[in-house]
Asks: 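I have a structure I would like to understand better, so I am pasting it below and will then ask my questions one at a time.
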Amino acid sequence: MSESAPKHALLRPGIVIPFLLVAVIWGSTWLVIKDQLGDVAPSWSITYRFVIATIAMFIFAKFRGFSLKLGKQGQILAVAVGIAQFCANFNFVYRAEIYLTSGIVAVVFGLLMVPNAIFGRVLLGQPITGRFFLGSLVAVAGISMLMLHESRIAPIEGAIGIGIPLVLGGMLSASIANVIQAGKVGKTLPLVSLLAWAMLYGTIADAALAWWTAGPPTFDMRPQYGMGVAYLALFGSVVTFPLYYNLVRQIGAGRAAYNGVVVVIVAMVLSTLFEGYVWSPLAALGSVLALSGMVIALRARSPAVKSG
């Protein structure tokens, strides 16, 4: 059995609105994460974020009447998604922001469409069309120009040499979670319920890692820190992950990851306003190319998708 979407299906409000909403919110979270890095160990900040997010997600699932029974396979999937997305991904990313500006971390993460498309092809049988491939090449060229701009500002052997591998680790972890939740088992489960359990398992792993690497928990009593944790938990996690994972299921892992290109622009604009990020003609051209690649890729007709 196969299915295909109309050429302009991506212009539907049900796709465009969550696509842009997720991009704008996640674009802002990079800057908020930066403020979380101080007296509190990164893993503890992540743990606090997902304690709140987990509670909120379980409440939301019950409020909407979703069953929280996932079965054995569902629980195994939830563990895998939780470890990859809500532990490994965020621990890599938070540590990357110790060394890099929030804008450049978002830039590297904008390459998520590459592993998403590859894993989607290998694990879910989602074909990669010629137009999507062309758009991705253009987008990657644009993101590479943004990276070149940043490398001219910071020594490649310094902060970038440490930060980039951390971002790549986070990107690959997130990509694995993105794709496996959209597989045969995941599609049979209520998405909110799957996310609630995944966040719970991820939070447990976060707390264990935090205690192992940083010792007993500490907390920053600044109101700004507490509000940042709440914003990241509720808006950056509870609101966005159901929307984004649903996009992966509807339009494919590679296409959904293109919201990361918009995330890049939002993050870089905010980094300019609050972190002194300096634009150059190279950075501006790179942004234009990245957005152009996104448009090319997303205007491609949805190919037939294999299903089990």
Asks: Show every salt bridge (Lys or Arg N to Asp or Glu O under 4.0 Å) that has at least one partner inside residues 208-223, sequence neighbours left out.
Replies: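 Residue pairs with at least one partner in residues 208-223: Asp35-Arg222, Asp220-Arg222.
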
Asks: Which pair of non-hydrogen atoms, one from Ala56 and one from Val238, has the smallest distance, and what is that distance?
Replies: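 In this case the closest contact between Ala56 and Val238 is CB-CG2, 3.8 Å.
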
Asks: Using modelled atom types only, decide if a donor and an acceptor are shared between the side chain of Trp197 and the backbone of Val79 within a distance under 3.5 Å.
Replies: no

Asks: Grouping I, L, V, M, F, W and Y whenever their side-chain heavy atoms are under 4.5 Å apart, do Leu137 and Val114 come out in a common cluster?
Replies: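 Yes; tracing contacts between hydrophobic side chains, which count when under 4.5 Å, links both residues.
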
Asks: Compare every heavy atom of Thr218 with every heavy atom of Asp39, then report the nearest pair and how far apart it is.
Replies: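 Nearest pair, atom of Asp39 first, then Thr218: O-OG1, 4.1 Å.
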
Asks: Report the C-alpha separation of Arg95 and Ser43 in whole Å, then their side-chain angles, then the decisive distance to 0.1 Å, and conclude whether the side-chain contact (heavy atoms from CB on, under 4.5 Å) test is met.
Replies: CA-CA 9 Å; Arg95 284 166 173 78; Ser43 294; 2.9 Å; yes

Asks: Find out if a path of hydrophobic residues (ILVMFWY) with successive side-chain heavy-atom gaps under 4.5 Å connects Leu194 to Phe63.
Replies: no

Asks: Measuring from Leu70:CG to Gln75:CD, what's the distance to the nearest 0.5 Å?
Replies: 4.5 Å

Asks: Taking the side chain as everything from C-beta on, heavy atoms only, tell me whether Phe109 gets closer than 4.5 Å to Leu168.
Replies: no

Asks: So how far is it from Leu21 CG to Thr240 OG1, rounded to the nearest 0.5 Å?
Replies: 8.5 Å

Asks: To the closest 0.5 Å, what do you measure between CE (Met57) and CE (Met199)?
Replies: 3.5 Å

Asks: For the hydrophobic clusters of this structure (ILVMFWY residues joined by side-chain heavy atoms under 4.5 Å, transitively), does one cluster hold both Leu123 and Ile76?
Replies: no

Asks: Pair up each side-chain donor or acceptor in residues 229-237 with any protein partner under 3.5 Å, not counting sequence neighbours, and list the distances.
Replies:
{"residue": "Tyr231", "atom": "OH", "partner": "Ser28", "partner atom": "OG", "Å": "2.6"}
{"residue": "Ser237", "atom": "OG", "partner": "Arg49", "partner atom": "NE", "Å": "3.1"}
{"residue": "Ser237", "atom": "OG", "partner": "Arg49", "partner atom": "NH2", "Å": "3.2"}
{"residue": "Ser237", "atom": "OG", "partner": "Leu232", "partner atom": "O", "Å": "2.9"}

Asks: Does one hydrophobic cluster hold both Met227 and Leu270, with members joined at side-chain heavy-atom distances below 4.5 Å?
Replies: no

Asks: For the pair Val266 and Trp30, evaluate side-chain contact (heavy atoms from CB on, under 4.5 Å) and give the outcome as yes or no after the intermediate values.
Replies: CA-CA 10 Å; Val266 173; Trp30 297 107; over 6 Å; no

Asks: Grab the two heavy atoms, one from Pro216 and one from Trp44, that are nearest each other, plus how far apart they are.
Replies: O-NE1, 3.5 Å

Asks: Out of curiosity, does Val288 fall in the hydrophobic cluster containing Val138 (side-chain heavy atoms, cut-off under 4.5 Å, transitive links)?
Replies: no

Asks: Return the minimal non-hydrogen interatomic distance between Ala96 and Val167, and the atom names on each side.
Replies: CB-CG2, 3.4 Å

Asks: Drop me the distance from Ile143's CD1 to Leu111's CG, to the nearest 0.5 angstrom.
Replies: 4.5 Å

Asks: Are Tyr48 and Val40 close enough, and set up right, to give a side-chain contact (heavy atoms from CB on, under 4.5 Å), and what steps lead you there?
Replies: CA-CA 11 Å; Tyr48 303 146; Val40 180; 4.1 Å; yes

Asks: Could you work out, with ring pair (Phe, Tyr, Trp, His ring centres under 6.0 Å) as the rule, every residue matching Phe66, not counting sequence neighbours?
Replies: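 For Phe66 there are no ring pair (Phe, Tyr, Trp, His ring centres under 6.0 Å) partners, ignoring immediate neighbours.
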
Asks: How close do Gly142 and Leu289 get, counting heavy atoms only, and between which atoms?
Replies: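 Where Gly142 meets Leu289 most closely, the heavy atoms are CA-CB, 3.6 Å.
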
Asks: Check ring pair (Phe, Tyr, Trp, His ring centres under 6.0 Å) between Phe90 and all other residues, then give those that pass, not counting sequence neighbours.
Replies: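 Phe90 satisfies ring pair (Phe, Tyr, Trp, His ring centres under 6.0 Å) with Phe50 once adjacent residues are dropped.
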
Asks: Phe92: which residues meet the ring pair (Phe, Tyr, Trp, His ring centres under 6.0 Å) condition with it, sequence neighbours left out?
Replies: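 Testing Phe92 for ring pair (Phe, Tyr, Trp, His ring centres under 6.0 Å), a comparison that skips the adjacent residues, returns none.
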
Asks: Table please: side-chain donor-acceptor pairs of residues 206-215 below 3.5 Å, with sequence neighbours left out.
Replies:
{"residue": "Asp206", "atom": "OD1", "partner": "Asn91", "partner atom": "ND2", "Å": "3.1"}
{"residue": "Thr213", "atom": "OG1", "partner": "Leu209", "partner atom": "O", "Å": "2.8"}

Asks: Kindly indicate whether the side chain of Ile46, heavy atoms from C-beta on, has any atom under 4.5 Å from the side chain of Phe86.
Replies: no

Asks: With sequence neighbours left out, what residues match Pro115 under side chain to side chain contact (heavy atoms under 4.5 Å, CB included)?
Replies: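 For Pro115 the side chain to side chain contact (heavy atoms under 4.5 Å, CB included) partners, ignoring immediate neighbours, are Leu112, Phe119, Met171, Leu172, Ser175.
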
Asks: When the aromatic ring centroids of Phe219 and Tyr225 are compared, is their separation below 6.0 Å?
Replies: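 Between Tyr225 and Phe219, which both carry aromatic rings, the centre distance is below 6.0 Å.
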
Asks: Can you list the residues that meet the ring pair (Phe, Tyr, Trp, His ring centres under 6.0 Å) rule with Tyr244, with sequence neighbours excluded?
Replies: Trp26

Asks: Got a sec, which pairs hit side chain to side chain donor-acceptor pair (under 3.5 Å) with one end in residues 52-74, sequence neighbours left out?
Replies: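 Qualifying pairs, neighbours excluded: Thr54-Thr203.
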
Asks: Do Tyr201 and Ile83 pass the side-chain contact (heavy atoms from CB on, under 4.5 Å) test, and can you show the C-alpha distance, the side-chain angles, and the key distance before you say yes or no?
Replies: CA-CA 7 Å; Tyr201 295 131; Ile83 297 298; 5.5 Å; no

Asks: Could you list all the side chain to side chain donor-acceptor pair (under 3.5 Å) pairs where at least one residue sits in residues 132-143, not counting sequence neighbours?
Replies: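 Side chain to side chain donor-acceptor pair (under 3.5 Å) check on residues 132-143 returns Ser136-Tyr258.
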
Asks: At what distance, to the nearest 0.5 angstrom, does CE of Met113 lie from CZ of Phe132?
Replies: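 Between Met113 CE and Phe132 CZ, I get 7.0 Å after rounding to 0.5 Å.
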
Asks: Given side chains that start at C-beta, do those of Ile180 and Leu77 come closer than 4.5 Å, heavy atoms only?
Replies: yes

Asks: Each residue besides Ile55 in its hydrophobic cluster should be listed here, by chain and number; the cluster joins Ile, Leu, Val, Met, Phe, Trp and Tyr at side-chain heavy-atom distances under 4.5 Å.
Replies: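 Under the 4.5 Å side-chain rule, Ile55 groups with Val51, Ile59.
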
Asks: Name all residues meeting the side chain to side chain contact (heavy atoms under 4.5 Å, CB included) criterion together with Leu191; count only those two or more places apart in sequence or in a different chain, and write none if there are none.
Replies: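 Partners of Leu191 by the side chain to side chain contact (heavy atoms under 4.5 Å, CB included) criterion, ordered by chain and then number, come out as Gln181, Leu195, Tyr245, Asn246, Arg249.
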
Asks: Show the nearest heavy-atom pair for residues Val248 and Ala182, with the distance to one decimal.
Replies: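 Result for this residue pair: CG1-CB, 3.9 Å.
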
